[in-house]
Amino acid sequence: MGKKLLIHNDHIPNIHTLAVYKENGGYASVEKALKHMTPDQVTDEVKKSGLRGRGGAGFPTGLKWSFLAKPEGVPRYLVCNADESEPGTFKDRYLMEKIPHALIEGMITSSYALGAARSYIYIRGEYFYVARILETAIEEAYAAGFLGKNILGTNYSLELSVQVGGGAYICGEETALLESLEGKRGNPRIKPPFPAVAGLWGCPTVVNNVETIAAVCPIVMMGGEEYAKIGIGKSTGTKLISASGHINKPGVYEIELGVPVEEFIYSEEYCGGIRNGKKLKAVVAGGSSVPILPTELILKTAKGEPRLMTYESLADGGFQTGTMLGSGGFIVMDEDTSIVKNLFTFARFYHHESCGQCSPCREGTGWMEKILKKFLNGTATESDVELLWDIQSKIEGKTICPLGEAAAWPVAAAIRHFKHEFIEIAKSKKFVDVSHYNRLNKASV
Amino acid sequence: MKVTIDGIEIDVPKGTTILQAARMIGPEVAPPTMCYYSKLKTSGGYCRTCIVKVTQGSSANPNPMPKPVASCRTEVMDGMVVENVTNPDILEARKGVVEFLLINHPLDCPVCDQAGECKLQDLGYEHGSAKTRFEFKRREYEMIDIGDKIKLHMNRCILCYRCVKTAEQFTDGRVHGVVHRGDAAEISTYIEKFITNDFSGNVIDVCPVGALTDKTFRFKQRVWFTKPMDAHRDCPTCSGKVRLWLKGEDVARVTSRKDQWDEVKDTDDGKPGFICNSCRYDHKKKSDWVIEGPTHIDRHSVISQGHYEHLNELKTKILKQQKALGFIPFDKRP
């Protein structure tokens, strides 16, 4: 059984309430940090822990915190990115829904470290009921003196509130999130300046994912060095994985980074193997935006070693042979899965969610979806595969924000590893019924 | 700060963007722009036509930047090395951007009022392909009036945001913006609103394509058949320094004056020379204006085809050549 630091107490009845959470050791990190540590000491522990952002990019959290500008007389903000919109990723929802105080505790400790007197939890619109759970928990925390003026009798004060977004995927991008939080259209900003210099209301801001912020609590309690002993190499600590697809036990699992992918898929502790005894065909390891890998590559690295659930091992060999840990949205596909049909679903999503600011993403995502629909309509030709490849290459790296890559990478990886499927469909001219998509699909083919 | 663009080194002040530095060198290395407009704050970065490759970040950090950057929004660092036209990948990427921009932009140049002044037309010629690979139905909208003098043809819009920023920064209250998202995004006025501000006509001047056109000029003339003249009048609202587009003795249209980069010229006090609606629409008689002389037109522009700035010099030159060749004019032939 792997070590659990974030959802170790999720089985306890009423753990979402402050009383039960406190009885089980909750808010100890707030007590420790505010009463016995300076803000810089908290930051140092986070640096020592090697914690990397759990939202998808995997940037070292302590380093990100150290970039925060600290001009005198200017407020600083901590914003929690709870806009969990990546298809296949639902681990933050689980954490917030089950143990809301874990996030609030992390927000207080992290805000203290960053010198923020006002912090926000920006949550996606579709998680409306989770927002209510968080608001209730925040009220409890205010009443107990964990939020508000002079927390626990110290000189530190913090105001915390929840902001519900409009439900746009792009608002998970940190600058679009800040625009939305300011009440504007959720379009990504052009960087630089980065939020650490000019973020919310133009003030220095740190934007961290829910899981990242929650992980600060165990780091403060056990110390950064101890935390860094969990995991392998630069992939330290534990990670929440949202496992879905054709597996026997879909759900949210907390793993110690370094678990072999094969063990994660087949062991009873985690996914419990492929549903109905089918064979594994492919895995999207880190949410829909990361490249898909076929069986032979998801289980073994380019060097022939067992692939591990770490940032480095999953990325081994670049995109030719590897993928990314991303947000931990682990989507498993069995041998009956149509990669092209699956890719169409992803392409449709990214087309629908493009904000429309920059030309390659605005026009390219829709074009890719239309071509993929041709494959499903039985009207595609072999040359459409080349065209699709060319379009994705002209989107990747050319856009304002990473949505371009999120749309392009799945297409590139599907063609790279499953080109034969595209060719077979194009040759067969077989019609695949996707009428159930049409309700939301605006592409006219 | 020293920056090298396509092998040409230049010293620039701190805060200069790559695009500005390139423009200082000259048009041969200056990336094309569709959304950037130097007179509009926070413009640029959207169309991606000006992307360049930074092969060396700075002297202190010689690493290349991993992705192409929008030159209009990226400030130079000391020792930065940039590749624009010398980098085949950038030219290929730009070709891709042109293709994307033309997906939903009709090639109706023969009937478009912007023809001859269209930046997308120039971009397409210089960086595009002869043929499109897009085979699907294009986005289509009805043309609408968004003001009593402004026609919006959304089919042609490339969502450069220039008109939105102009209205935001140079008028009292913006009543239009971008609605919807992705490729369904469109320019629209707020519900039941019309653009009527004194300076609203400037959104026409900043539009790089034919999406926003002057209703008082639409279909009156092709620009290359008109004579652009710099003129001014005593205007209480704006500088009154304009460009008259004459057809014979008639004023076909009035616009602001443009610079080398097709952006409004600054006035003598250094402010952007946007003009008021009164100058643009209400003074269509030649006698309303003090004519300063013919506008200099770059030979690069299609407008130069019908231009007369050096007509007398040209006539003299032709006559000299004819004489040297022994050419006998038709009326002198036996």
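Below, chains carry the letters A, B, ... as their sequence lines are ordered, and counting in each starts from 1.
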Exercise for the section: Would you sort out whether Glu363(A) and Arg139(B) count as a side-chain contact (heavy atoms from CB on, under 4.5 Å), showing the intermediate values? Expected result: CA-CA 11 Å; Glu363(A) 310 294 352; Arg139(B) 211 170 49 192; 3.9 Å; yes

Exercise for the section: Would you please test Tyr161(B) and Asn187(A) for side-chain contact (heavy atoms from CB on, under 4.5 Å) and show each step? Expected result: CA-CA 13 Å; Tyr161(B) 286 72; Asn187(A) 281 350; 3.6 Å; yes

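Both the backbone and the side chain of Ile391(A) come within less than 4.5 Å of a heavy atom of chain B. Proximity to chain B (any heavy atom under 4.5 Å) is restricted, for Thr399(A), to the backbone atoms N, CA, C and O. Heavy atoms closer than 4.5 Å to chain A are found in both the backbone and the side chain of Leu159(B). Heavy-atom distances place the backbone of Val179(B), and not its side chain, under 4.5 Å from chain A. No part of Val69(B) comes within reach of chain A, as not one of its non-hydrogen atoms sits under 4.5 angstrom from that chain.
In terms of modelled atom types and a separation under 3.5 Å, the side chain of Arg181(B) and the main chain of Ala168(A) share no donor-acceptor contact.
When each of Lys398(A), Glu396(A), Lys191(A) is scored by its heavy-atom pairs under 4.5 Å with chain B, the top score falls to Lys398(A).
Within 6.0 Å of OH in Tyr190(B) there are more than 12 heavy atoms belonging to other residues, nucleotides or ligands. For NZ of Lys14(B), the number of neighbouring non-hydrogen atoms (other residues, nucleotides, ligands) closer than 6.0 Å is 12 at most. No more than 12 heavy atoms of other residues, nucleotides or ligands lie within 6.0 Å of NZ in Lys234(A), so this atom counts as exposed by the packing criterion. Within a 6.0 Å sphere centred on CE of Met1(B), heavy atoms belonging to other residues, nucleotides or ligands number more than 12.
For the atom pair CZ of Arg73(B) and CD1 of Ile400(A), the computed distance is 8.0 Å after rounding to the nearest 0.5 Å. Summarising the geometry, atom CZ belonging to Arg48(B) is positioned 13.0 Å from atom CD1 belonging to Ile395(A); distances are rounded to the nearest 0.5 Å. Rounding to the nearest 0.5 Å gives a distance of 8.5 Å between CD1 of Ile371(A) and CZ of Arg133(B).
Ionic pairing of Glu92(B) and Lys394(A) is present here: one or more N-O contacts between side-chain nitrogen and carboxylate oxygen are shorter than 4.0 angstrom.
Looking at every heavy atom in both residues, Ser359(A) comes nearest to Leu101(B) through OG-CD2, 3.3 Å. Of all non-hydrogen atoms in Arg185(A) and Ala185(B), the two that sit nearest each other are NH2-CB, 4.5 Å. The minimum heavy-atom distance between Cys47(B) and Pro360(A), with the atom names listed, is O-CD, 4.4 Å.
Just one of His351(A), His352(A), Arg362(A) meets the side-chain hydrogen bond (donor to acceptor under 3.5 Å, both in side chains) condition when paired with Asp183(B); it is His351(A).
Two residues are said to be in side-chain contact when any heavy atoms from C-beta on lie closer than 4.5 Å; Trp367(A) and Glu99(B) meet this criterion.
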